[in-house]
Amino acid sequence: ALCNIYPSFLQLLTDDSSSVEQVEVSLSTSCLSKKLVKHTIRNIFDALHQLYEDSKLKRNSRGMSWLRSLGTLLSTLCFKAGRRDDGTLIMGDFVDHYEQDVGDM
């Protein structure tokens, strides 16, 4: 049943015009329920965030470029998550967190 989630997730990362909501709708109409899509996207994000936090601890062995690349990827996902009705980013706290660690992205 997870047949289409990974290509769609990669599209989310590479297509400037796509959003998490568009990917959710696309996948939920193809082979997955919207709830399962949201859950899977959240799990992928959580796993990448944990890798990011682990990389901060191992900065000396992995180097700063690894951390910067992963922080930029996660920041991009946060922007793709969309905005609240008041215009603020849904995942704005995460964006601030990554920018504090690695600077402006």
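Keep in mind the model is a prediction, meaning the values are calculated, not measured.
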If you look at every heavy atom in Ser55 and Leu67, which pair is closest and at what distance? CB-CD1, 3.9 Å
Find the distance between OG (Ser75) and NZ (Lys80) and round it off to the nearest 0.5 Å. 11.5 Å
So for atom CG, which belongs to Asp85, do other residues, nucleotides or ligands contribute more than 12 heavy atoms lying within a distance under 6.0 Å? no
If you look at every heavy atom in Leu48 and Leu77, which pair is closest and at what distance? CD1-CD1, 4.3 Å
Does Arg83 reach the main-chain N or O of Thr88 with its side chain, forming a donor-acceptor pair under 3.5 Å? no
Quick one: does Leu74's side chain get under 4.5 Å of Val95's, heavy atoms only? no
So how far is it from Tyr52 OH to Ser69 OG, rounded to the nearest 0.5 Å? 11.0 Å
Side chains of Tyr98 and His49: is there a donor and an acceptor less than 3.5 Å apart? yes
Should Asp101 and Lys56 count as side-chain neighbours, where that means a heavy-atom distance under 4.5 Å? yes
Closest approach of Cys78 to Phe94 (non-hydrogen atoms, all atoms of both residues): SG-CB, 3.4 Å
Validation row: Glu53, His97 side chains within 4.5 angstrom (heavy atoms): yes
Considering only heavy atoms from C-beta outward, does the side chain of Leu73 approach that of Thr76 to under 4.5 Å? no
Ignoring hydrogens and geometry, is there a side-chain-to-backbone donor-acceptor pair from Thr72 to Arg68 under 3.5 Å? yes
Check Leu89 against Phe79 and note the closest heavy-atom contact, atom names and distance. CD1-CE2, 3.3 Å
